[in-house]
Each structure stands twice: as structure tokens, then as C-alpha cells.
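Numbers restart at 1 for each chain; the letters A, B, ... are given by sequence-line order, proteins then strands. Here the structure is a predicted model, which is why all the values come from computation and not from measurement.
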Amino acid sequence: MSVRVRFAPSPTGYLHVGGLRTALYNYLFAKNQGGTFILRIEDTDRTRLVEGAQEALIQSLKWAGIEHDEGPGKDGGKGPYIQSERFDLYRKYSEELIANDSAYYAFDTSEEIDAMRERQKKSGIAPKYDRSSMKNQYTLGDVETKKLLDSNAPHVVRLKVPFNEEIHFKDVIRGDVSVKGRDVDDQILLKSDGFPTYHLANVVDDHLMEITHVIRGEEWLPSTPKHILLYKAFGWEAPKFAHLPLLLNNNKTKLSKRHGDVAVEDFRQKGYIKEAFVNFVSLLGWNPSGENEIHSIDDLINGFNLEKVNKGGAIFDRPKLEWMNSMYLRQSPLEDLYKQIENKLSDSNITKDKEYIKSVINLLKERITFAHEIIEFGDYMFDKPKSFDEKYEKKQWKEDTLQKIEPLIQNFKALDTWNVDTMHKIAEDYINSNNMKFGQIMHPIRLMITGKPVGAGMFETMEILGKDECIDRFNDFIQKKKNA
RNA sequence: GGUCCCAUCGUCUAGUGGUUAGGACUCCGCCCUUUCACGGCGGCAACAGGGGUUCAAAUCCCCUUGGGAUCACCA
């Protein structure tokens, strides 16, 4: 049977990086196995719907290069892929469970449930629906239950969890897991608004969509016994389960907004290169065990192995992500990098043409982490230096520097062909015939041209700036010195 | 608190009974060099603790400790 997996987010906002990792592992597994990757929208909580969230989710996935084979907008014959459009299905299946005594009606109000929990808390026992004392099918009797149902009394459907059974399942990543039935709550399957809870909808849809592997976050592990019970109650074969380790904050708690950006969109906006981001995220919890850590999506797909996913949570280490980005930055096509920062350039009133910008990116890309950093880091490439680094000036510009450097500048002015080689030749000849060292001239030149102590190769910088611009800067600086 | 899951350098990890416990990020040093980077070389740094099993345990078992998740008419 061919592999079918799904990513099933709830449209309550942006795509979380933890969600992206889950989607990514599903995707990698599907592609590795020649299977199908399905996107399903779990919007059964009508109170938490966020306008536009579904589109944002799909956009973020798409940015990361994850496109579903089946899902909203891509019918694979197992749709609809949005749970609210499958509404009628769930009641039908919940009735099937009631008919075979795997679930039951309950009529408690939320106040009554709260009171029950309060009592249990006081007597120090774990809060759990008490089937024998609350208002339900069993305590009320069939006649009363039918009467309430006929009168449209608000009710829910609960899973009838067997007390004395032990529920076992085998997790692909964790091995055997077992829980006692007495520790599992009689989960609500169908809410009083007629919508299913996650547990029912998820199991029904996974079965109907013929999902073979449920790959999801570890936070679902505690409720998996309920799902196993549901498959059993329906008489369905359960899919294989694989619970992924959590992505963590620096303090080892579940990755959250409180500790920095967690939305994929935030990372996109910060200027991360998608391939770098995907590469980094995919290595959180798994790796293809080589010495190299830079992998294309195809490499990741080819090497992916669900059984080799780690069990322990992984801290989302931002410095390493930045390093990864800088690695990708260097090998990215200049055109891509240009496109990425196009808007930021106009925001900064930089009007240089595209080819010029690209040459600046190329010049500085080994010294930056994000493409947009050229705007700050390489500000002198777009305008004359507004200021000159004080410490650098003090150190590199001495009393006699002007007189030592001026003849060389004259030589530059006389240059017909303005490129790295011709400039280098002139400089070399000059220091040789004057018994000087490169440092004695390069630092003052860097100061005059850029105003900063750091930057790319000096002649490379000057070549891109152009002869007129460089001569202007020399003149301006010398004038300033003479006036001082 | 109940239940469940987890545990190799600060971090991401390799490792499936015999290794000088490997790599990557970070940090530090050296080399290259006109600066800063890149690159190259090198360094700091780990099997949570205790019991077993075994000729031999990071690897298998048990306990302890520590961490996390989960206990909703949310997913």
C-alpha cells in the first residue's frame, strides 16, 4: 500500500515553526516513500477561527517549498479537505459508536462539569469524567435519554473508555507505549454544537483519507490511546503513529512566542533564505548522519528515515540558523538576493540600478548574514561616507599621511583603465619605489573611500564605485583635512 | 499532583556491546592577508548518578535524579 500522510493544522493564526517541522517531516517522508502528502484543515473549533489564517498557512508552506499533493484546491478524490465541510459525516459516525456501545450521550452542563472537577480536585484525585454519577445515558436510563434527545436538549457524545483494559500501541519513533484505561478520560467526541472534537474528526478523516502514517508532535502522545480506542470501536485498522520530539525554547520549554519569533512568516520577513531555513529546521530532531550539514531539499528527501528521528526535544538555536543562512547567502544567485531586498532598498532611498546593487551584494556577501545588511554594512557603496570612524582615522591618518599619499592619488587620477589589476599595479609600484608597505597606503585609502575600518577588498570596492566617485571622495577628504 | 514521554560537549547531533566517543554551531588560538570576513589548521567542551547483565557497556535491564508534555464541549 502506498504511503499517505497528512499535515492537519488548525487555522487559528500563522504557521508556527513547530508546525513547519511537522509538515516538513511528513513531506520528506512522503516524498522519500513515493507517497502522497495531504493537507487537511481542522477548523472544527468555531470559536477560534481566524480570518485568512488558512491562506496564510498555505502561503507559508509554499514559501518553504512544501506543496500538498491533495488538499484544499487539489482534489484527490478523498475530499473535502476542510473539516467544516465534512460536518454531516461526524454525527453519522458518532451514532455508529453509540449503536455499538463504544460511546454514549451525556447531558451535563459546563457548570456541572466544573463542579465535578472541583470536587475531584478537593479530594485529590485526577479530574476525569465520572460516568457513574453524572448526567448521562447510563445514569438516566434509556427512556429519559430518548426523551431528552427528542426534546433537543443540549448534549454531547462521549467515548466509553473501558476501565479494565490496557491500551497498547507501537510508535515508530518511541516504540511500545501503553496506558491503562482507567487513566484515560471519557473524551467528548461530539460537542453540543454538533461539531466533532479533534479526536473524532481526526480519526474519521484519517481513516477515510486512507492515511497510513500519522506523523505529529509529541504533544499528541497522551491522547493517542483515545485514538487507538476509536479505531478499535469502528473496527478500523489504525495507521502507524510517529510522535515527533518538540521544538524547544532556550529554557527547554515548548517553543513559544514569548521567547522570540515563532511564525514562519517572521523568519521570511527577517530575510532568511528559505532553503537555509528548511535545511536548519529539518535537522532539528533528525539528520542524515554525514559530516556535512548543508543539504538541498532533494538530499533531505533521499536521506530521510522516520525511524531515525530522535526522541528528545531540540532547542531552536538561532545562532546556528544564522550561520546556516550565511552559508546559503554566499551561494545564492545574485538575482534572488536582489529580489529579496528590492523593497528594502527603495525604503532606504537607494536608487542605484540593479546591476550595481548586484555587484555590491557580490562584493559583500561573504561578510554578512542577511542580504539586506548591505544597506547598513555597505552604506558607503550607495553614498559618500557621512562620517569617518574616529578610532580608525586617529590610528591610520598621521601628520605626514597626506603628503605620503597624495602622489599616489595623482597616479590614480591618471589611470585610464580603472580596475583591480591596474590599481593594484600602480599601488605596488608606488610602495616599491618609495620603500613603503601596503598597510601604509591601504588604510588611509580605505578611510577616505569608506570611512570604515572594515569592508571588502579595497580595489574591488573601488572598481565597483568607479573612478569618478573615488576621485571625488579623495578630493573631499583631502579638502577637509586641509581646511582643518 | 495523576498519566505518559525523554536524557551524549553550552546548543544541534553521530554512535545500535569492543571507538583516542566523531562532526556542526558558538567561543579561543595560529596561518593566510591591505582591514574585516572567507578559507585552512588547532584548542576548550559530553555519555546525569547508582546498581545490575556481560570477558567487554554511551549502547541492554532496573532504580534514582533531572527535564518535558498532557490532563477542555482547543487543536
Side-chain angles (χ1 to χ4, degrees), chain A residues 8-12 42-45 47-48 83 106 108-110 113-114 117 120-121 124-128 154-158 171 173-175 177-180 182-185 187-199 201-202 216-225 243 245-246 248 250-254 280 283-294 308 310-324 326-327 330 364-368 377 392 396 424 427 431 437-447 450 452-459:
Chain A
S10 180
T12 53
E42 310 224 329
D43 59 345
T44 54
D45 184 355
T47 64
R48 291 208 311 165
Q83 288 185 329
D108 316 275
T109 63
S110 48
I113 295 289
D114 287 347
R117 291 208 183 98
Q120 291 169 328
K121 215 174 147 190
I125 46 176
K128 186 167 172 289
H155 65 274
V156 300
V157 174
R158 283 182 182 270
D171 188 280
I173 295 168
R174 282 150 218 284
V177 179
S178 70
V179 185
K180 292 180 182 64
R182 45 166 296 206
D183 291 323
V184 178
D185 200 6
Q187 183 61 234
I188 289 180
L189 301 175
L190 204 68
K191 299 181 267 190
S192 55
D193 65 359
F195 273 89
T197 56
Y198 170 87
H199 309 280
N202 198 262
R216 64 198 347 178
E218 189 186 334
E219 67 268 29
W220 292 107
L221 200 50
S223 51
T224 304
H243 288 93
L246 260 18
L248 272 22
N250 288 317
N251 68 356
K252 297 211 177 234
T253 55
K254 195 167 143 183
F280 174 76
L283 260 27
L284 256 23
W286 166 78
N287 87 58
S289 56
E291 308 240 304
N292 176 26
E293 303 206 5
I294 305 294
K308 282 189 69 186
N310 294 148
K311 300 183 183 80
I315 292 175
F316 191 84
D317 186 42
R318 288 153 208 274
K320 188 158 185 179
L321 171 58
E322 292 195 1
W323 165 79
M324 186 76 79
S326 68
M327 294 303 284
R330 277 178 232 153
L364 300 174
K365 67 181 180 184
E366 284 187 356
R367 278 146 241 263
I368 54 180
F377 185 79
Y392 191 49
Q396 302 298 347
H424 195 275
I431 59 168
K437 285 179 183 166
F438 255 114
Q440 288 173 279
I441 59 164
M442 300 312 289
H443 289 293
I445 289 174
R446 180 174 297 280
L447 177 68
T450 74
K452 290 181 176 180
V454 301
M458 203 54 237
F459 296 135

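- Nucleotide B:U33: unpaired (no Watson-Crick or G-U wobble partner with both distances less than 3.5 Å).
- In this structure, A:V177 reaches the sugar-phosphate backbone alone: every heavy-atom distance under 4.0 Å involves primed, P, OP1 or OP2 atoms, never a base.
- Residues meeting the ring-ring contact (aromatic ring centres under 6.0 Å, His included) test with A:W323, sequence neighbours left out: none.
- Between the OG1 atom of A:T44 and the NE2 atom of A:H199 there is a distance of 9.5 Å, given to the nearest 0.5 Å.
- Nucleotides B:C41 and B:G50, compared at atom P, are 38 Å apart to the nearest Å.
- Pairing partner, B:A7: B:U65, with both Watson-Crick or wobble hydrogen-bond distances short of 3.5 Å.
- A:T224 comes within 4.0 angstrom of no nucleic acid atom, judged by non-hydrogen atoms across all strands.
- Here B:U70 sits opposite B:G2 as a Watson-Crick or G-U wobble pair (both hydrogen-bonding atom distances under 3.5 Å).
- A:E293 comes within contact range of at least one nucleobase, with a heavy-atom separation under 4.0 Å.
- Of the two residues contacting RNA chain B, namely A:I315 and A:L248, the nearest-nucleotide position lying further toward the 5' end is that of A:I315.
- Between the P atoms of B:A45 and B:C55, the separation comes to 35 Å (whole Å).
- Mapped onto RNA chain B by nearest heavy atom, A:R446 and A:K128 fall at different nucleotides, with A:R446 at the one closer to the 5' end.
- Using a 4.0 Å heavy-atom cutoff across all strands shown, A:P127 reaches sugar-phosphate atoms only and no base atom.
- Among residues two or more places apart in sequence or in another chain, the side-chain hydrogen bond (donor to acceptor under 3.5 Å, both in side chains) test is passed with A:D171 by A:H243.
- Judged as a salt bridge (charged side-chain N to carboxylate O under 4.0 Å, His left out), and not counting sequence neighbours, the contacts of A:K320 are A:E293.
- Using a 4.0 Å heavy-atom criterion, one finds that A:N250 contacts no nucleic acid atom at all.
- Nucleotides B:A48 and B:C36 are separated by 42 Å at their C1' atoms, to the nearest Å.
- Of all heavy-atom pairs spanning A:D183 and A:K128, the tightest one is C-CE, 4.1 Å.
- Ring orientation note: the planes of A:H424 and A:F438 are tilted relative to one another, at an angle of 30° to 60°.
- Residues satisfying the side-chain contact (heavy atoms from CB on, under 4.5 Å) test with A:L246, not counting sequence neighbours, are A:E218, A:E219, A:L248, A:K254.
- If you check every strand for non-hydrogen atoms under 4.0 Å, A:L283 touches sugar and phosphate atoms only.
- A:G455 comes within 4.0 angstrom of a base, heavy atoms only.
- Taking the C1' atom of each, B:G23 and B:A46 are spaced 14 Å apart, rounded to whole Å.
- Heavy atoms of A:S223 sit nowhere under 4.0 angstrom from any nucleic acid atom.
- Across B:G49 and B:G66, the matching P atoms stand 15 Å from one another, rounded to whole Å.
- The minimum heavy-atom distance between A:P444 and A:Q396, with the atom names listed, is CG-O, 3.8 Å.
- Figure legend. B:A14 is base-paired to no nucleotide; pairs are counted as Watson-Crick or G-U wobble with both atom distances under 3.5 Å.
- Annotation: B:G40 and B:U13 have their C1' atoms spaced 24 Å apart (nearest Å).
- Within the nucleic acid shown, A:K365 has no heavy atom closer than 4.0 Å to any nucleic acid atom.
- Within the 4.0 angstrom heavy-atom criterion, base atoms lie near A:S192.
- For B:U53, there is no paired base (Watson-Crick or G-U wobble, both distances below 3.5 Å).
- Across all strands shown, A:D108 has heavy atoms under 4.0 Å from base atoms, whether or not it also approaches the sugar-phosphate.
- Spacing of P atoms, B:C25 relative to B:G18, comes out at 28 Å, to the nearest Å.
- Here A:K254 lies in heavy-atom contact (under 4.0 Å) with sugar-phosphate atoms only.
- The side-chain contact (heavy atoms from CB on, under 4.5 Å) search around A:D193 returns A:R46, A:K191, A:F195, not counting sequence neighbours.
- Across all strands shown, A:R174 has heavy atoms under 4.0 Å from sugar-phosphate atoms exclusively, and none from any base.
- For RNA chain B, the contact window with chain A, defined by any atom under 4.0 Å from a protein heavy atom, covers B:U3 to B:A75 in 5' to 3' order.
- Residue contacts shown for A:A456 include a base, since a base heavy atom lies under 4.0 Å away.
- The gap from the P atom of B:A37 to that of B:A69 amounts to 39 Å, rounded to the nearest Å.
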